[in-house]
Amino acid sequence: MSKFTGFAMKKLNEVGWVEKEKPECGRRDAIIKPLALSPCTSDIHTVWEGAIGDRKDMILGHEAVGIIEEVGPDVKDFKVGDEVIVPAITPDWEDEAAQRGFPSQTTGALGGWKFSNFKDGVFGEVFHVNLADANLAKLPENVKPETAVMLSDMFSTGMMGSENAKIKLGSTVAVIGIGPVGLCSVAGARNLGAGRIFAVGTRPNCVKVAKEYGATDIVNYKEGPIDEQIMEATDNEGVDAVIIAGGNMETWKQAVKMAKAGSVISNVNYLSGADIVPLPREAWGCGMANIDIATGLCPGGRVRMERLASLIEYGRINPDSLITHKFKGFDKVEDALMLMKDKPKDLIKPVVLCD
Ligand code: NDP
Ligand code: ZN
């Protein structure tokens, strides 16, 4: 095959199929054929909200499990035919930002995010992965591709939200937004030892999975300001950690108002729709109340994927609960992406099983 097809952002607000030359492998790289794919809300922000600016004929998608079709001569640990989990974020591990401890930000802010940002994504019949030994993880034999594809971005990002929130044993946590990312933050909070976990959202499927993943209280943002609801439920104490995984700019004000002095607000939401993020000065202790704000891009790389896979293997997480819609056949990525755009009420995550 010298040419392949993929589903692309043709320009802002427009998607479609494109044909491209097969990518060159590179000595330390791999070419992968997808086995399972999933679209992300971020793809929607990218195409229809212009969140990272315009792109031309860029293949979308960054969540994949695949089978190796080609490896470069310097790849040591992987061979053709291996089934692998592909992280959404594939850092340049020799870059100085990786050495400082921020691999997702290599070569500049958000630079570890290559697929469907500044390089063709995974919604192609084949796609290229840089630094295969550092960026791929073997798919464990007892884990299905559709289950593991939930790790590439959803569990990695959502659980990072909880890790960055510095959750302590028994602490009270609010997770704002319980789409797939927020649900994984709930699972992260539970695994890190949170006591009470508030989960903010309304879709019945999401509420059900939030409870399964560890939420103790559900808060409906359509029934009044969530800071007021959570302050009332905690006798005006507030929470030790807030994870923002949905909402809008108003959410930031609410997050600060429900955060205790000495707490962390951890954002994983991909902000769009306004240029300034508002913080309520007084509730924020005039900037002196140790209400810290943490941000982060999904962690990528091999060790991260191996560790998340271990959470599946040892029964700590059940990603299958996120999968509400299954499509069969690679050409269905278009339908899966449009479903993600339309967000019907019963959707959490769609998966495409390629054949
Ligand atoms: P969803 O759109 O599926 O979920 C959003 C959630 O926010 C839903 O639970 C929704 O509630 C809730 N919500 C909507 N409006 C409000 C409001 N006003 N107040 C409180 N909650 C509200 O998104 P995903 O879970 O797929 O993704 C979440 C975010 O994470 C996206 O912005 C995505 O781009 C980003 N992301 C970031 C990454 C990173 O590396 N940092 C990586 C991947 C994704 P309801 O139940 O009513 O729908
Ligand atoms: Zn994503």
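Indexing begins at 1, ligand by ligand and atom by atom, following the structure's order. This chain uses plain numbering: 1 for the first residue, then up along the sequence.
- Screening F127, F330, W17, F123 for a ring pair (Phe, Tyr, Trp, His ring centres under 6.0 Å) with F7, the sole residue that qualifies is W17.
- Contact annotation: for I348 versus ligand 1, there are no heavy atoms closer than 4.0 Å.
- Short contacts between ligand 1 and G296, defined as distances under 4.0 Å to a heavy atom of the residue, involve ligand atoms 41 (N).
- Close approach of ligand 1 to L297 is summarised as follows: ligand atoms under 4.0 Å from at least one heavy atom of the residue are 40 (O).
- The protein heavy atom nearest to atom 3 (O) of ligand 1 is R203 NH2, 2.9 Å.
- In terms of heavy atoms, V149 sits closest to V65 at N-CG2, 3.6 Å.
- Between atom 34 (O) of ligand 1 and the options G246, S42, C206, the minimum heavy-atom separation is to S42.
- Each of the following atoms of ligand 1 lies closer than 4.0 Å to a heavy atom of G201: 11 (O), 46 (O).
- In terms of protein heavy-atom proximity, atom 19 (N) of ligand 1 is nearest to Y221 CG, 3.5 Å.
- Counting heavy atoms from C-beta outward, L339 and L347 have side chains that approach closer than 4.5 Å.
- Residue-level proximity to ligand 1 for Y270 is carried by backbone and side chain together, each with a heavy atom below 4.0 angstrom.
- In terms of protein heavy-atom proximity, atom 38 (C) of ligand 1 is nearest to T157 CG2, 3.5 Å.
- Protein heavy atom nearest atom 45 (P) of ligand 1, with residue, atom name and distance: T202 OG1, 3.5 Å.
- Remark: distances from the non-hydrogen atoms of K343 to ligand 1 include one below 4.0 Å.
- The one candidate from R196, K168, K166, K260 that meets the side chain to side chain donor-acceptor pair (under 3.5 Å) condition with D240 is K260.
- You'll find the side chain of V173 stays beyond 4.5 Å of the side chain of F198, heavy atoms only.
- Side-chain contact of E125 with T5: a donor-acceptor pair under 3.5 Å is present, judged by distance alone.
- Contacts between D153 and ligand 1, counted as non-hydrogen atom pairs separated by less than 4.0 Å, involve the side chain only.
- Remark: among candidates C40, G179, P39, the nearest residue to atom 4 (O) of ligand 1 is G179, based on non-hydrogen atoms.
- Y213 and M154 fall within a single hydrophobic cluster, where Ile, Leu, Val, Met, Phe, Trp and Tyr are joined by side-chain heavy atoms under 4.5 Å apart, directly or via other members.
- In terms of protein heavy-atom proximity, atom 26 (O) of ligand 1 is nearest to T41 OG1, 2.5 Å.
- Atom CG in D153 sits 4.5 Å away from atom SG in C298 (nearest 0.5 Å).
- Protein heavy atom closest to atom 27 (O) of ligand 1, with residue, atom name and distance, is V181 CG2, 3.5 Å.
- Looking at L183 against ligand 1, nothing comes within 4.0 Å, counting heavy atoms.
- The shortest heavy-atom distance from A245 to ligand 1 is under 4.0 Å.
- Ion pair E250/K257 not flagged as a salt bridge, since none of the NZ, NE, NH1 or NH2 atoms sits closer than 4.0 Å to an Asp/Glu carboxylate oxygen.
- Note: an N/O pair closer than 3.5 Å links I178 and ligand 1 by distance alone.
- Checking T106, N130, D92, T90 one by one against K114, the side chain to side chain donor-acceptor pair (under 3.5 Å) holds for a single residue, D92.
- Of the protein's heavy atoms, C298 N, 2.8 Å lies nearest to atom 40 (O) of ligand 1.
- Below the 2.8 Å limit, the Zn ion (ligand 2) has as protein N, O or S neighbours C40 SG, H62 NE2, D153 OD2.
- Checked against a 3.5 angstrom limit, the closest N/O atoms of M154 and ligand 1 fall outside it.
- A continuous path of Ile, Leu, Val, Met, Phe, Trp and Tyr side chains, each step under 4.5 Å between heavy atoms, connects M9 with W48, placing both in one hydrophobic cluster.
- In the hydrophobic clustering of this structure, V333 groups with I44; members are Ile, Leu, Val, Met, Phe, Trp, Tyr whose side-chain heavy atoms approach within less than 4.5 Å, directly or through other members.
- Cation-pi geometry between K138 and F78 is met: the NZ or CZ atom falls under 6.0 Å from the ring centre, inside 45° of the normal.
- Remark: minimum distance from atom 32 (O) of ligand 1 to any protein heavy atom is reached at N269 OD1, 2.6 Å.
- Put simply, no part of S272 is less than 4.0 Å from ligand 1, judged by heavy atoms.
- Between the CD1 atom of I317 and the CG atom of L322 there is a distance of 9.0 Å, given to the nearest 0.5 Å.
- Taking the side-chain contact (heavy atoms from CB on, under 4.5 Å) definition, one finds that A51 meets it with H45, Y270, S272, sequence neighbours left out.
- Residues V122 and V71 share a hydrophobic cluster, clusters being chains of Ile/Leu/Val/Met/Phe/Trp/Tyr side chains in contact below 4.5 Å.
- Between R302 and E306, at least one side-chain nitrogen of the basic residue sits less than 4.0 Å from a carboxylate oxygen of the acidic one, meeting the salt-bridge criterion.
- Residue-ligand proximity, N248 to ligand 1, at heavy-atom distances under 4.0 Å covers atoms 18 (N).
- Proximity to H45 (heavy-atom distance under 4.0 Å) selects the following atoms of ligand 1: 31 (C), 32 (O), 33 (C), 34 (O).
- Within a 6.0 Å radius of CD in E232, other residues, nucleotides and ligands contribute 12 heavy atoms or fewer.
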